[in-house]
Protein chains: 2
Amino acid sequence: MTTNKARGSTHLQIDQQICHSLYSAANALVRTYRPLLEPLDLTYPQYLVMLCLWQQDQVSVKALSQQTRLDSGTLTPILKRLEGKTLIERKRSRTDERQRVIHLSKKGRELRTQAESIPGAMTCLVDMSAEQARELKHLAELLYAGLPEHTHRT
Amino acid sequence: MTTNKARGSTHLQIDQQICHSLYSAANALVRTYRPLLEPLDLTYPQYLVMLCLWQQDQVSVKALSQQTRLDSGTLTPILKRLEGKTLIERKRSRTDERQRVIHLSKKGRELRTQAESIPGAMTCLVDMSAEQARELKHLAELLYAGLPEHTHRT
DNA sequence: CACAATTAGTTTGCGCACAATGTAATATCA
DNA sequence: TGATATTACATTGTGCGCAAACTAATTGTG
């Protein structure tokens, strides 16, 4: 049984912070993605958006926002950059002038081929068993879903 | 047994990305910290630095960098902001003029009291068992340590 | 001792992440 | 139908996160 030092609460120790572990692991993972994404000229968040579009084209910003879990203030500049690289176009919806309809260009659709190798390459770089990775993903999802901003469904 | 659609590789599906789960969970956690840290006028990374200093005062930027896992290019502006709030001072080392010695001011030391309630408050906001949280932290650490940038000890 | 290599930290530039505010289009309702 | 509320995005401002380039001090090495 470890007794606390008189100094104060053990809870304020940085190595006890789940958030710090998650925070630095996520940052490190994105750093690991960087060299793999560089040939595609994509950042990780841009890659996330492309993943969504490769899965389902012609979607609204809101739909992208829900799938990527990035808010519109973050997405808008990302989408503009992707448009600048002529990977996507941002048309207005005919039926609802407020909405944008994001859709892939030919170049954007073709980029998918180059991206196919990335998940495999990442798996090699991440030194974890498939089961550990699954469990980690599962727990991260659980944490995410359990946070007040999500449980707060009025 | 689920058969892949002719459409292409399943690996490019966003909901299969461990990184995305980690990424959004970490961001969401930091958002959850925000209202708790606001009374202390600290951002999450600033809080991380303060945690380190409360644990051990009078340290170099390099030491802080290792403990917070933030690089010096990130730390320098953070430290300047903390100095701007008069929570810390950034003196130069006598024995090695290259080094900074970061140390808490009286105000910085006193802020610790206000911070004591934060870990407990976060635990309440995170809807996970202590064991799940421990496991999540453990797996995140495992992932972090297993990435090439760390295993690459020449 | 001179001089190259290393180390500690800073600066610069870019791209998020996000709260807050704004704007325009649509939906709701009196 | 006309006022009001809501919705979908865009904009602004601040603070990271980090690669790359830079500065200055220290440590080798010949």
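FYI, side chains are in, hydrogens and waters are out, and symmetry mates aren't considered; it's all heavy atoms of this structure. Here is the naming used below: chain letters follow the sequence lines, and residue numbers restart at 1 for every chain.
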Legend entry - Donor-acceptor pair, side chain of B/Asp57 and main chain of B/Leu104, under 3.5 angstrom: yes
Legend entry - Main-chain N/O of B/Thr68 paired with A/His20 side-chain donor or acceptor, under 3.5 Å: yes
In this structure, how many angstroms lie between the [atom2] atom of [N] and the [atom1] atom of [X], rounded?
| X | N | atom1 | atom2 | value |
| --- | --- | --- | --- | --- |
| B/Asn27 | D/dC16 | CG | C1' | 11 Å |
| B/Glu149 | D/dA19 | CD | C1' | 13 Å |
| A/Leu79 | D/dC9 | CG | C1' | 10 Å |
| B/Glu38 | D/dG15 | CD | P | 13 Å |
| B/Leu37 | C/dA19 | CG | C1' | 15 Å |
| B/Asp71 | D/dA20 | CG | P | 12 Å |
| A/Arg81 | D/dT11 | CZ | C1' | 13 Å |
| A/Asp41 | C/dG15 | CG | C1' | 12 Å |

Legend entry - Side-chain donor-acceptor pair present, A/Glu38, A/Tyr33, cut-off under 3.5 Å: no
Legend entry - Polar side chain donor-acceptor pair, A/Asp71 to A/Thr74, under 3.5 angstrom: yes
Legend entry - side chain to side chain donor-acceptor pair (under 3.5 Å) assessment of A/Gln46 paired with A/Lys85: CA-CA 11 Å; A/Gln46 288 168 13; A/Lys85 300 179 198 181; 2.8 Å; yes
Inset, instruction - With DNA chain C as reference, determine whether B/Pro77 or A/Pro77 sits nearer its 5' end, using the nearest nucleotide of each. - result: B/Pro77
Legend entry - First encountered from the 5' end of DNA chain C, between A/Glu97 and A/Tyr44: A/Tyr44
Legend entry - Short side-chain N/O contact from A/Lys80 to OP1 or OP2 of C/dC16, under 4.0 Å: no
Inset, instruction - Between B/Arg94 and B/Leu70, name the one whose nearest nucleotide on DNA chain D is closer to the 5' end. - result: B/Leu70
Legend entry - Candidate nucleotides C/dC16, D/dC18, D/dG15, ranked by approach to the side chain of B/Gln46 - the nearest: D/dG15
Legend entry - Nucleotide nearest A/Arg31 (side chain, heavy atoms from C-beta), chosen from C/dA19, D/dA19, C/dG15: D/dA19
Inset, instruction - Have a look at A/Leu75 and say if it touches a base, only the backbone sugar-phosphate, or nothing, with a 4.0 Å heavy-atom cut-off. - result: nothing
Inset, instruction - Have a look at A/Thr74 and say if it touches a base, only the backbone sugar-phosphate, or nothing, with a 4.0 Å heavy-atom cut-off. - result: base
Listing time: all N or O pairs from protein to nucleotides 2-9 of chain C that are below 3.5 Å?
unit_1 : atom_1 : unit_2   : atom_2 : d
C/dT7  : O2     : B/Arg98  : NH1    : 2.9
C/dA8  : OP1    : B/Lys62  : NZ     : 3.4
C/dA8  : OP2    : B/Lys62  : NZ     : 3.4
C/dG9  : OP1    : B/Val61  : N      : 3.3
C/dG9  : OP1    : B/Arg100 : N      : 3.0
C/dG9  : OP2    : B/Lys62  : N      : 2.8

Inset, instruction - Determine, step by step, whether B/Ser105 and B/Glu89 satisfy the side chain to side chain donor-acceptor pair (under 3.5 Å) criterion, reporting the C-alpha distance in whole Å, the side-chain angles of both residues, the deciding distance to 0.1 Å, and the verdict. - result: CA-CA 7 Å; B/Ser105 68; B/Glu89 278 181 80; over 6 Å; no
Inset, instruction - Please say whether the positively charged group of A/Arg69, taken as NZ for Lys or CZ for Arg, lies over the ring of A/Tyr144, i.e. under 6.0 angstrom from the six-membered ring centre and within 45 degrees of the axis. - result: yes
